[in-house]
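Written below as structure tokens is the structure these notes are about.
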Amino acid sequence: MDMNAYLSMFIDESNDHLQALNENLLKLESDPADIGIVQIIFRSAHTLKGMSATMGFEDLASLTHEMENVLDLVRNGKLTMDAFIFDVLFKGLDALETMVADITAGGAGKADVAELLSSLKSIVDGSYLAKDAAAGTQAAAKNENGASADLDEFQLSVLKQSVESGLKAVRLDIELEDSCVLKAARSYMVFNFLEQHGEVIKSIPSVTDLEQEKFDKSFTVILVTASDEQAIAEGAGNISEIAAAAASLLDEAALEALAHPEIPEAVKAAEARTADVQAASSVAAEAKRQTAAASAPAAPAASRTIRVDIDRLDSLMNLFSELLIDRVRLEQLASEIGRTELSETVEHLSRISGDLQNIVLKLRMVPIDSVFNRFPRMVRDLAKNLNKKVDLVIVGADTELDRTVIDEIGDPLVHLLRNSLDHGLETTDGRLEAGKPETGTIFLRAYHSGNHVFIEVEEDGRGINSEKVKAKAVENGVLSAQEAARMTQDEINNLIFAPGFSTADTISDISGRGVGLDVVRSKILSLGGNVSVESKAGIGSKFSIQLPLTLSIITAMLIKLGSEKYAIPLSSIVETGILSRDSILNVHGSRMITYRNAVIPLVSLGSVLETADFNEEEELESEYLVIRKGDKWAAVIVDDFIGQSEIVLKSMGGYLGQIPAVSGATILGDGQVALIIDPNALFK
């Protein structure tokens, strides 16, 4: 069977399962006793393992299998989740994501996960708990001189045979002086002396550790010798910087005790505590399972969704756009001909095509949770890195946006969230000093309003230091001191979107390089949206992003400039009006008009586009429209208004290249091509 035919499906479904694993593992971290979540995680891991094995990605299947073993113990109440297990599982998910990314790029899904597999196996066999217990009770397992002398079977055999042949098995405990600096050198001198009187069988710590000085002030040597043990101890004790040397004979019983040492009471107690915890956990888990089973909802209905390639949706949109153009043309012809039957048919066609338009647009709409779902894990990891406590609250994740916008909005949101975590939220100590809860909160919201979607990132941190922003802006030459003095609070706060602007005192891998918020604004503006910030010192900041619902079909104002027709997106237009020539002001060589108690610049669209057959200077009155870009306003002079219309955006293609102030084109109902004006390009 040719597996390449299923590769695309495997990648898509693997990414879905990995996303689900991340989300549910985060939920489990906040409620480790919820067995229901463990069951969901286990099923996702099991499915991913089966898919990987079927496709022949053995490394992926092997790692998932080991993670599945851990989860199986947890869901059956045989293992209790703790910080170590969570960290290892999260690292496992990161490794799986790396493998899937490698497969997506054409690789074989390989990664170095030997250490990770070892950690997972230590969780399954419980040895990771024993390591902690042994580390905490190592002193109890040592003899008086700080060494534990457990022998392996070969060493025990050699020692027994030596004793049976008439030699002595001697244990020599060496203690160095506190002032000893070259510990490795002194241990070497002891070994050199001992080898003159016998054969060293075992060293505790090992010879390698002694050479690397990985020991405190004492070590133990077990040797076979024909010499007197006390004479050996005395000789070793005479070596410089040796504080004490004690020798003892080892009989067969003592050798057996060294080979099979009794488990220290402290270790036994630690293991007993672990067993008690696991037993209690098993009881609690069983109770949780019974409660969940009693209150479990009915099984969900089978999925009624299918995966469709985005290119097919693009083709459908292009075909529908042609239908929309023909519909407008038919409406014009029906109006000109005046036949009732034709008008009724065209009206019916318009209603059907309107419904079809809604369906086509909805096909391209994707819930924004496909973007939001990747942020809880990112916030968790960043919070641990910054040593901050953070709750991420997501609201409105089911809000839908056009797929084109969804693909572009992820990076700006990453910048805003990282900025909120690093700059916005105080440290735990800082929050306590300010009388706030030690855990900060970041809200990530999305909601519809008219033909737009709003996304907000809000935190309850320290707020923007306006004076620091103003001083930095003046220092960087963003504005003069006089201009800064005249600015409002909101205008000062929005200076943080200036290119290269940063108030970070230190540069880190999280923020502080001045390449964040200007990138956010540029990306949002390129999507036809806007971004702004509100902040109150000591209370927090809120970033608001406004985005169009779709970039494929928009409502526009059609205008004329001489014989040419143009379209301006209605979302950028605030108001239209008529302007007399004598109301135009001249301010420092720039033309301005008074608009709602403010003075805004006047832009001649004919001059920008170099229109040949339209001269506004010849008219006593001119039509104009007011456009807005963030906190900037401008009035644009046009020849005449045609009216509002739904238009389909068409790319200019590679033949015409970039034309100033033009973002694309559309085909009107009469077959003419109208250029679409980019209002953002009209601002200086």
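Treat the numbers as computed from the prediction; the structure is a model and nothing was measured. Sequence positions, counted from 1, serve as the residue numbers for this chain. Excluded from the calculations below are hydrogen atoms, water molecules and symmetry mates; all remaining heavy atoms, backbone and side chain alike, are included.
The distance from the OG atom of Ser541 to the CG atom of Leu416 is 11.0 Å, given to the nearest 0.5 Å. In this structure, CG on Leu561 lies 10.0 Å from CG on Asp640, to the nearest 0.5 angstrom. From Ser583, atom OG reaches atom CE of Met592 across 13.5 Å, with rounding to the nearest 0.5 Å. Here the CG-CG distance, from Leu333 to Leu342, works out to 8.0 Å after rounding to the nearest 0.5 Å. Remark: Tyr595 OH to Tyr624 OH distance equals 7.0 Å, nearest 0.5 Å.
Looking at Glu426 and Arg431, a side-chain N of the basic residue comes within less than 4.0 Å of a carboxylate O on the acidic one, giving a salt bridge. A salt bridge links Arg351 with Glu347: the distance from a Lys NZ or Arg NE/NH1/NH2 to an Asp or Glu carboxylate oxygen falls below 4.0 Å. Between Glu621 and Arg581 there is no salt bridge, since none of the side-chain N atoms of the basic residue sits less than 4.0 Å from a carboxylate O of the acidic one. Ionic pairing of Asp381 and Arg377 is present here: one or more N-O contacts between side-chain nitrogen and carboxylate oxygen are shorter than 4.0 angstrom. Here Glu438 pairs with Lys389 in a salt bridge; the nearest charged N to carboxylate O distance falls below 4.0 Å. We find that Arg380 and Glu29 are joined by a salt bridge, their nearest charged nitrogen and carboxylate oxygen being less than 4.0 Å apart. Taking a cutoff of 4.0 Å between a charged side-chain nitrogen and a carboxylate oxygen, Arg596 and Glu575 qualify as a salt bridge.
Each of Leu417, Leu386, Asn385 was checked for a side chain to side chain contact (heavy atoms under 4.5 Å, CB included) with Asp422, and the lone residue meeting it is Leu386.
Judged by distance alone, the side chain of Lys436 and the main-chain N or O of Gly461 form a donor-acceptor pair under 3.5 Å. The closest donor-acceptor contact from the side chain of Lys388 to the backbone of Leu425 lies under 3.5 Å. A distance-only check finds no donor-acceptor pair linking the side chain of Thr555 to the backbone of Leu570 [under 3.5 Å]. Remark: side-chain polar atoms of Thr611 are not paired, donor with acceptor, to backbone N or O of Phe614 under 3.5 angstrom. A donor-acceptor pair is defined here as one N or O able to donate and one able to accept, closer than 3.5 Å; such a pair exists between the side chain of Thr399 and the backbone of Ala446. With hydrogens and angles disregarded, a donor-acceptor distance shorter than 3.5 Å links the side chain of Arg462 to the backbone of His423. When atom types are taken as modelled, the side chain of Asn586 and the backbone of Gly589 share a donor-acceptor pair closer than 3.5 angstrom. Between the side chain of Asp460 and the backbone N or O of Gly540 there is no donor-acceptor pair closer than 3.5 Å.
For the pair Pro367 and Ile406, the tightest heavy-atom approach, listed with the atom from each and the gap, is O-CD1, 4.2 Å. Shown here for Ile677 and Pro569, the closest heavy-atom pair between the two residues is O-CD, 3.3 Å. Heavy atoms only, all atoms of each residue included: Arg521 and Val531 are closest at NH2-O, 3.1 Å. In this structure, Gly424 and Glu459 approach most closely via the heavy-atom pair CA-OE2, 3.6 Å. In this structure, Ser420 and Val457 approach most closely via the heavy-atom pair OG-CG1, 3.6 Å. The shortest heavy-atom contact between Ser645 and Leu558 is CB-CD1, 3.9 Å.
Side-chain atoms of Gln546 and Asn530 include no donor-acceptor pair closer than 3.5 Å. Between the side chains of Asn22 and Glu97, a donor-acceptor pair is found at a separation under 3.5 Å. A donor-acceptor contact closer than 3.5 angstrom links the side chains of Asp582 and Ser580. There is a side-chain donor-acceptor pair under 3.5 Å between Asn493 and Ser466. Looking only at atom types and distance, the side chain of Ser350 has a donor-acceptor partner in the side chain of Glu331 under 3.5 Å away. Side chain to side chain, Ser563 and Asp613 meet the donor-acceptor criterion of an N or O pair below 3.5 Å.
You'll find the side chain of Leu392 stays beyond 4.5 Å of the side chain of Met378, heavy atoms only. In this structure, the side chains of Tyr566 and Ile676 stay at 4.5 Å or more apart for every pair of heavy atoms.
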Begin from the C-alpha positions of Glu23 and Asn373 and carry the test side-chain hydrogen bond (donor to acceptor under 3.5 Å, both in side chains) through to its verdict. CA-CA 7 Å; Glu23 292 172 21; Asn373 286 344; 2.9 Å; yes

Using side-chain contact (heavy atoms from CB on, under 4.5 Å), reason through Leu602 and Ile637 one step at a time and then give a plain yes or no. CA-CA 7 Å; Leu602 187 65; Ile637 293 179; 3.6 Å; yes

Val599 and Ile593: side-chain contact (heavy atoms from CB on, under 4.5 Å), yes or no, with the steps? CA-CA 6 Å; Val599 177; Ile593 67 168; over 6 Å; no

Given Leu495 and Met487, is the side-chain contact (heavy atoms from CB on, under 4.5 Å) satisfied, shown in steps? CA-CA 10 Å; Leu495 287 173; Met487 297 183 74; 4.0 Å; yes

Checking side-chain contact (heavy atoms from CB on, under 4.5 Å) for the pair Ile464/Ile496: CA distance, chi angles, key distance, verdict? CA-CA 9 Å; Ile464 296 174; Ile496 62 177; 3.9 Å; yes

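Ring geometry for Phe454 against Tyr447 counts as parallel: the plane angle stays under 30°, on a 0 to 90° scale with 60° as the upper cut.
Within 6.0 Å of CD on Glu610 lie no more than 12 heavy atoms contributed by other residues, nucleotides or ligands.
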